[in-house]
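Quick notes on the structure that follows.
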Amino acid sequence: MYKNFFKRLIDFVLSLAGIVILSPLLLILIILGAIFMGGNPFFTQRRPGKNEKIFKLIKFRTMDNRRDADGNLLPDDVRLNKYGRFLRSTSLDELPELFNILVGQMAIIGPRPLLVEYLDRYNEFQKHRHDVRPGLTGYAQAHGRNSVSWEDKFAMDVWYTEHITFLGDVRIIIDTVKTVVKKEGISSATSATMEYFQGTPEGVEATWQPPY
């Protein structure tokens, strides 16, 4: 009952309340983003949602548009300026996704929506991460964020889709707050954010073990 009805109802109520309560903060971040990012403070991108239906994700921009002499964007770690790092470390860049949640494209808790080009790189097991709405945060974000391998992250995502409960979602929110406060897992071992997923090589498996 929670998974099929109450979860969406709670998402709608909490996202609407969050938008209203946080509206002064959102306004401040819009102004600061326009200043530090040199223009549009928002980042929008097509992402796959439930059942791989494409929607437009909205976030606050954390990387500027600095380019080299040939007009190519500079590497992520260069364009991720101090203000952008602050947004990511506090997860404030995710706040505009409350609007995605409000209209039913996302949930508060669920697998994070990744890039559209990853869709044909998932194996049959990993594709099940799209059986539910993507989330503002999720089990993987609360247990490693960008510091765990793609295989472990997807294993967590699929496990979550099969074990959705109200108390489980509450625990994920609490663990997410702890992760944000400790500023854990912001970057992977090889990238300022997370390296691109190229597909899981044959023979490579997740090492993560379900909690139960």
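All residue numbers refer to positions in the sequence shown, counting from 1.
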With rounding to the nearest 0.5 Å, note down the distance linking CG in Leu57 to OG1 in Thr44.
-> 8.5 Å
Start with the C-alpha distance between Leu25 and Leu92, add both sets of side-chain angles, then the distance that settles side-chain contact (heavy atoms from CB on, under 4.5 Å), and finish with yes or no.
-> CA-CA 10 Å; Leu25 175 60; Leu92 289 173; 4.2 Å; yes
State plainly whether the residues Glu52 and Arg47 are in salt-bridge range, i.e. N to O under 4.0 Å.
-> no
Compute the ring centroids of Phe60 and Phe43, then answer whether they are less than 6.0 Å apart.
-> no
Does the side chain of Thr176 come under 3.5 Å of the side chain of Gln141 through a donor N or O and an acceptor N or O?
-> no
Under 3.5 Å: donor-acceptor pair, side chain of Arg129, backbone of Arg112 = yes
Which class fits the ring pair Tyr122 and His130: parallel under 30°, tilted 30 to 60°, perpendicular over 60°?
-> tilted
Do we see a donor-acceptor contact under 3.5 Å between the side chains of Asp169 and Tyr160?
-> yes
For Arg85 and Asn81, what are the C-alpha separation, side-chain angles and deciding distance, and is it a side-chain contact (heavy atoms from CB on, under 4.5 Å)?
-> CA-CA 6 Å; Arg85 292 182 187 279; Asn81 58 34; over 6 Å; no
Check the surroundings of atom CZ in Phe125: do more than 12 heavy atoms from other residues, nucleotides or ligands lie under 6.0 Å from it?
-> yes
Could Glu94 and Arg88 be called an ion pair, given the rule that one side-chain N must be under 4.0 Å from one carboxylate O?
-> no
What are the two closest non-hydrogen atoms of Pro113 and Phe55, and how far apart are they?
-> CB-CZ, 4.1 Å
Answer yes when Arg79 and Asp64 have at least one side-chain N-carboxylate O distance shorter than 4.0 Å, and no when they do not.
-> no
Compare every heavy atom of Leu87 with every heavy atom of Thr90, then report the nearest pair and how far apart it is.
-> OG1-O, 3.2 Å
Once the angle between the rings of Tyr139 and His143 is folded into 0 to 90°, is it parallel (under 30°), tilted (30 to 60°) or perpendicular (over 60°)?
-> parallel
Might you confirm whether atom OH of Tyr83 has over 12 heavy atoms from other residues, nucleotides or ligands at distances under 6.0 Å?
-> yes
Donor-acceptor under 3.5 Å (Arg133 side chain, Gly104 main chain) = yes
Would a 4.5 Å heavy-atom cut-off, applied to side chains only, mark Lys59 and Leu95 as touching?
-> no
Could you tell me whether Glu162 atom CD has more than 12 heavy atoms of other residues or ligands within 6.0 Å of it?
-> yes
